[in-house]
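A quick write-up on the structure given underneath.
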Amino acid sequence: MPRRAVVVGAGLAGLLAAAALSVHTDEVIVLDRDELPDGPEHRRGLPQGRHAHLLMSGGLAAIDDLVPGPSVRDQLLAAGAHEISLSSGMLALTPEGWLRRWKHEGPRMLTCTRALLDWVVRSAVLANTKTEIRTARGLDLLGDARRVTGVRISTDAGITELDADFVVEASGRGSRIVRWLGALGVTGIDEKTVDSGLVNATRIYRRPEGAQHFPLTILQANPYESRPGRAGMVLPIEGDRWMVSLAGTRGGEPPADPDGFLQYIRDLPDPILGRLVSGAEPLTDIHTSHSSKNVRRYLEKLQDWPAGLVVLGDALATFNPAYGQGMSVAALGAQILARELDHEGFTAPGLAAKVQHGVAAPVEGAWAMAVGQDIWYPETKGPEPTRADRLITGYSRRLLKSAAGSYRAAAALAAVTSMEADASTLMRPSTLLAALNGPLLPPLAGPPLTPSERQTLAGLERAAS
């Protein structure tokens with residue numbers, strides 16, 4: 001009999017899941033409530049789509065592993081995306097000081113608009129796999145607590161049932177998976193929410209003349225000062241443009257008016273972002289978003305998981321986007337689905353449960369990174385920090401301080417941040433020793449600019465005055 005898989009959600013997680021499933025099925029139908037744009041354009045169903053997105057090398061490797069045809073990385077770079085070394089290609093002010101720029105390239109990340117990334121991935125999946133996208137809204141799962149057999153959907157033609165041998169729920173932050181499972185008799189799901197009240201405000205600028213080689217610059221929020229966190233970054237995107245993205249936790253939210261936006265930049269802990277954008281030409285309005293809370297559903301803890309169903313991406317866990325790991329977690333989850341399908345076979349007993357357990361590992365690493373900082377902001381809503389949280393935070397801060405002056409510590413952090421290595425790397429003897437020894441070089445008094453970058457910055461200021 002022909003095999004059909006249905007994926008709810010045409011975002012990154014859903015399309016990568018479709019690529020994984022297409023190898024083992026005769027038909028993959030992806031459902032999304034949006035009319036998807038025919039090009040790299042923003043769509044309504046992605047509330048964070050206009051803000052900064054960093055695709056880490058671990059996630060990018062998973063995408064290229066999943067999507068057949070020409071390399072997605074190469075297509076993105078050809079379309080204007082930028083590839084940046086975490087070790088040498090950016091300026092970063094952390095809560096423990098400025099990070100050095102080491103000679104070693106280390107892991108890399110891609111920067112571009114989310115619209116470009118989604119369009120390139122979507123085009124590649126549709127061109128090279130047996131995947132069809134339909135406009136529809138998922139209403140319910142079909143089946144029972146033992147097996148999911150399809151979905152009930154709403155289209156312009158009315159409500160209909162779509163049978164499937166396998167269903168992936170990847171509809172994003174607005175997922176109703178808990179209600180859907182409850183209707184099948186699957187209850188007792190453990191959920192956690194940590195909400196720092198983060199607000200993003202983003203504006204696109206024309207990159208100033210002569211600044212094409214200026215590095216990505218980020219001023220991270222400090223969660224340990226007992227006051228609202230404020231952050232900002234200038235990152236290169238396609239089309240010779242800069243994306244200027246600000247973020248503030250509850251009580252320190254960035255404004256949406258142009259004058260307030262610029263003043264917020266000037267009030268950040270270092271003047272470098274204000275110096276960069278003071279004379280740059282804005283190309284868009286300021287877009288804000290409040291969709292930033294961390295939510296995790298511990299589906300892997302359920303004793304009996306229904307066959308034929310896997311939950312991936314933001315439907316499983318959402319993270320504060322400031323930490324830049326959500327897309328990579330989605331890609332790694334789809335890669336785990338692909339590996340289990342290859343290894344176990346499409347009809348293997350317990351396949352869905354095994355995948356759901358497997359995807360919990362990358363989720364846990366990203367969750368620990370995001371929540372481990374967000375819990376310290378003074379107005380965060382969620383569980384109070386535990387003794388274990390305090391111990392982990394103490395070690396994390398010591399390691400970060402070491403990374404400002406120790407290549408070994410910096411390399412370990414870069415490997416985990418890029419998702420080329422899991423969080424256990426931070427507990428290896430060599431990393432523990434680097435944290436114990438502390439920074440081997442004195443702290444930097446300011447951003448580690450090269451002479452040519454200093455000249456560029458001075459030129460931008462002269463042009464603005």
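Below, each value reflects all heavy atoms present in this structure, side chains not excepted, and no hydrogens, waters or symmetry copies.
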Taking every non-hydrogen atom, the tightest pair across [X] and [Y]:
X	Y	value
A256	I286	O-CD1, 3.4 Å
K293	T318	O-OG1, 3.1 Å
P255	A201	O-CB, 4.0 Å
R398	A435	NE-O, 2.8 Å

Return yes if some donor-acceptor pair links the side-chain N/O of [X] with the main-chain N/O of [Y] below 3.5 Å, else return no.
X	Y	value
D314	G172	no
Q75	P70	yes
E253	G251	yes
T393	D389	yes
T380	D374	yes
R137	L31	no
D240	R207	no
W119	R114	no
S175	S171	no
Y377	D195	no

Got a sec: does the [atom1] of [X] have more than 12 other heavy atoms crowding it under 6.0 Å?
X	atom1	value
Q212	CD	yes
R387	CZ	no
R408	CZ	no
E209	CD	no
D257	CG	yes

Audit row: W242, Y205, ring-ring contact (aromatic ring centres under 6.0 Å, His included) steps and yes/no | CA-CA 5 Å; W242 278 349; Y205 289 78; 8.1 Å; no
Please say which of R241, E238, R50, H53 ends up in a side-chain hydrogen bond (donor to acceptor under 3.5 Å, both in side chains) with T113.
->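 Single pass found, and it is E238.
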Any L181 side-chain heavy atom under 4.5 Å of L309 side chain =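 L181 vs L309: side chains touch.
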Evaluate side chain to side chain contact (heavy atoms under 4.5 Å, CB included) for Y224 paired with R397, printing each intermediate quantity in order.
-> CA-CA 10 Å; Y224 313 118; R397 294 190 67 181; 3.4 Å; yes
Audit row: Y395, L399, side chain to side chain contact (heavy atoms under 4.5 Å, CB included) steps and yes/no = CA-CA 6 Å; Y395 174 68; L399 182 60; 4.2 Å; yes
Regarding [X] and [Y], is there a side-chain donor-to-acceptor distance under 3.5 Å anywhere?
X	Y	result
S87	S85	no
H82	T111	no
S196	T249	no
Q220	T94	no
D267	Q263	yes
T193	E191	no

Applying side chain to side chain contact (heavy atoms under 4.5 Å, CB included), run through L55 and I63 and close with a yes or a no.
-> CA-CA 10 Å; L55 180 57; I63 292 174; 4.0 Å; yes
Trace of the side chain to side chain contact (heavy atoms under 4.5 Å, CB included) decision for R108 with L86 | CA-CA 6 Å; R108 292 172 171 264; L86 271 68; 5.5 Å; no
Derivation of the salt bridge (Lys or Arg N to Asp or Glu O under 4.0 Å) call for E453 and R101 = CA-CA 13 Å; E453 290 163 0; R101 295 163 72 183; 2.7 Å; yes
CG of L36 to CD of E41: how many Å apart, nearest 0.5 Å?
->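 Atom-to-atom, L36:CG and E41:CD are 11.5 Å apart.
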